[in-house]
Protein chains: 2
Amino acid sequence: MSFPDRGLSERKKQILKAIVDAHIEGGGPVGSKYILQNQHLTCSSATIRNEMAELEEMGYLEQPHASAGRVPSELGYRFYVDSLLEHYAMTTAEIAQINNLLKAKMGELDQILLAASNLASSLTNYTGIAIKPRFRSVSISKFELIFLSADHYILVAVTSTGAVKSKHLRGKTDVTPTALSKLAASFNRHLVGLSADRITLPIIMRIEEEMGEDAGIVGSAIKTVYGLLSEMDEGEMRVSGIDRLLQYPECSDVGQLQELLGTLEKKEDILDLVSRTESNGINVVIGSESEVKVMNNSALVFKPILQDGKTVGAIGIIGPRRMDYAKVLATLEGLSGNIANLMQANNQLNGGFSDGGNEKDGNA
Amino acid sequence: MSFPDRGLSERKKQILKAIVDAHIEGGGPVGSKYILQNQHLTCSSATIRNEMAELEEMGYLEQPHASAGRVPSELGYRFYVDSLLEHYAMTTAEIAQINNLLKAKMGELDQILLAASNLASSLTNYTGIAIKPRFRSVSISKFELIFLSADHYILVAVTSTGAVKSKHLRGKTDVTPTALSKLAASFNRHLVGLSADRITLPIIMRIEEEMGEDAGIVGSAIKTVYGLLSEMDEGEMRVSGIDRLLQYPECSDVGQLQELLGTLEKKEDILDLVSRTESNGINVVIGSESEVKVMNNSALVFKPILQDGKTVGAIGIIGPRRMDYAKVLATLEGLSGNIANLMQANNQLNGGFSDGGNEKDGNA
DNA sequence: ATTTAGCACTCTTCTTTTGCGAGTGCTAAA
DNA sequence: TTTAGCACTCGCAAAAGAAGAGTGCTAAAT
């Protein structure tokens, strides 16, 4: 995936980097003179022009029109991200902010991700996304049935990913607490660990058999479980900070903006892209690199969130192609680290309140 | 609330209505000549000009600049919506669409609302919102504690609004299934029906007393309950079809668009507005009418969704001030009717699958 | 007293023009 | 291989011009 550095002299690299940096900062095309001033090079602008011409020929730069400066191409950005990027160190203030805000919002994974995406958005000033990927196979690791009234109960399921899902149910025949706990036991015996496509008829029959004369409620309960599992498969995506998209001049082109908003709205493509990604590190998708239709002039940076080695979500940033990659990468890296810590802490303390985490006295 | 019709002659009304209609359709200022052509009036353009001048003086119309046509003012829209609006009949095709799509998505309230907002958005071509309002006071009507492992359990609570919430908990001391069921019983005895602010120390002490030597887990569990209740208070809002905002020329003004997007993002204001509304019918908020800061040139139309006489949510539409009110009102009306039906059906059938499983009994 | 026709006037908007400046490519010298 | 110099090309922005739409007003007509 990475490009051979040979073929790009040190000077060319320096010039390329200077152009990308300048373009990220200013947004406009960058000319030879500007580089000469802001970069101490021992050559003249003419030389730089020559180098630029070559870089353009190689595909790293583009010229919007004949007599403008150069703009990095997609390839140019790719090279920049892969090889030229200097790491951006987060200020301690930023780190503190992450810690505080995340702690305050600590709770279920969904909420953590959402908060993280918000935070990412406000720290970087781009649009943040929080993703719960599609799971190829979720299963349920624990069932519970809660009796409410003679014809009304609730099915609660703890999924293999740790989420808790529930559904209201009405039995067509009356239900009893006893029957419910029998059913729960039976479910726990037979359905735990099964993904939606592995709930087969023989299993259902076995459960009905065990339920004896209370078999009447099995049908709808199983259907509900099935639905729950399919629902989990779906994946979800939340966007925060859309308004920030507008700050960037390239988005004043309404057509492009609409396309991007549409993509953010549909979510399908992005969800697909993220769900299919295997890397656990930070991914940078620039423009049309991926077969997935992300807007032509924008880039998506995202990082999967792992729990016990499994991907349980992702946070990311969407912005213009010329985004400040150094900062974005650092922010996501920092955030994901904090999330990991939090989740661990969360597991070890109680259900999610930031009361200082100290559990010595145990009451309010 | 409504305006005295006297003071507005029939002809003035007709002219005002014509202007609003034309402005809704075209978006630009409308002139006297245009009205003359599209409206059969027995007078000349000069007369219309005179009338328009008077209408402007009364505050129903505005002139963007000296020699443009007139544009309805906020007041003009208000009068239009209150008195002039002709009812728009939904086509059977649209009704069928609502029915089908909603049925397919039937499930928990959240999902119904979301689907409805999507649908509203695509039917009207404006931006849809789905709202779960802040509840002044939620309480919990049933507790259940699920044992997972020696130091790990789940608290499940059914709220007075019918939602089910859950939290993972870790006890600082080991827990036993027995202790958990004792605690659940105790919670059900003492905490049911209480809103967050009415969980007081004496109650907590009573529970701890009842738990005897297992009192150690009470503290964190109570805190969780408390947090759950506050969380419910929060309200939530989802937006769909943001990209549609861009279709309207008034949004090409980036500044305004950004303001509107910001509002949609913050959600606070809108949530406030909706939560505070008492009317059960359709509400139309135009521009800056409300003290709440909705964007100046846009309008919000929403309708609360009732269940057993209580407001459990709302669906709405956000669009430019010059939106097609007739259509929007009809769509929301239709949707809310369907949602009501669905929720009822949902209650009478099983937990959320449209398998046609027919049930006899049903109470709320 | 109301309505109408006519006309001058005012503003916006669209297009065209013009000038400027930034930046390039090329050539010839170092 | 690098540099200095220069003519050339474009895009951008302000200025100028032309076109049109719509009004307000006045004076005549009903």
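All heavy atoms count here, side chains included; hydrogens, waters and symmetry mates do not. Letters A, B, ... are given to chains in the order of the sequence lines, protein chains preceding strands, and every chain is numbered from 1.
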I need the [atom1]-[atom2] distance between [X] and [N], as an integer number of Å.
X	N	atom1	atom2	result
Glu51(B)	dT3(C)	CD	C1'	11 Å
Ile35(B)	dG22(D)	CD1	C1'	12 Å
Arg11(B)	dT4(C)	CZ	C1'	12 Å
His65(A)	dT9(D)	NE2	C1'	10 Å

| request: Let me see the working for Val30(A) and Arg70(A) under side chain to side chain contact (heavy atoms under 4.5 Å, CB included), right down to the final yes or no. | output: CA-CA 5 Å; Val30(A) 184; Arg70(A) 300 307 208 289; 5.8 Å; no
Choose from dT4(C), dC11(C), dA4(D) the nucleotide whose nearest atom is closest to any side-chain atom of Ser44(B).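 Selected nucleotide (nearest to the side chain): dT4(C).
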key: Pairwise side-chain contact, Asp324(B) with Thr124(B), heavy-atom cut-off 4.5 Å (strictly under)   =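 Asp324(B) vs Thr124(B): side chains apart.
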Using side-chain heavy atoms (C-beta onward) and a distance below 4.5 Å, is Leu329(A) in contact with Glu333(A)?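 Answer no - side chains too far apart.
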### Task
Report the residues that fulfil salt bridge (charged side-chain N to carboxylate O under 4.0 Å, His left out) with Glu51(A), sequence neighbours left out, ordered by chain and then residue number.
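If we apply the salt bridge (charged side-chain N to carboxylate O under 4.0 Å, His left out) test to Glu51(A), skipping adjacent residues, the hits are Arg11(A), Lys12(A).
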Under a 4.0 Å heavy-atom criterion, the protein footprint on nucleotides 23-30 of chain C, written with B, S and -, is SBB-----
### Task
With side chain to side chain contact (heavy atoms under 4.5 Å, CB included) as the test, would you mind laying out the steps for Met58(B) and Leu8(B) before giving the verdict?
CA-CA 10 Å; Met58(B) 296 187 220; Leu8(B) 239 56; 3.7 Å; yes
- prompt: Hey, mind stepping through Tyr77(B) and His23(B) against side chain to side chain contact (heavy atoms under 4.5 Å, CB included) and telling me if it holds?
  reply: CA-CA 11 Å; Tyr77(B) 273 113; His23(B) 183 252; 2.8 Å; yes
For this session: Check the surroundings of atom NZ in Lys33(B): do more than 12 heavy atoms from other residues, nucleotides or ligands lie under 6.0 Å from it?
Result: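 No.
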Symbol by symbol from the 5' end, with Watson-Crick or G-U pairs under 3.5 Å, [ ] crossing and | another strand, DNA chain C is ||||||||||||||||||||||||||||||
- Task: Quick one: do Tyr325(A) and Met323(A) satisfy side chain to side chain contact (heavy atoms under 4.5 Å, CB included)? Show the steps, please.
- Result: CA-CA 6 Å; Tyr325(A) 291 98; Met323(A) 75 166 82; 3.7 Å; yes
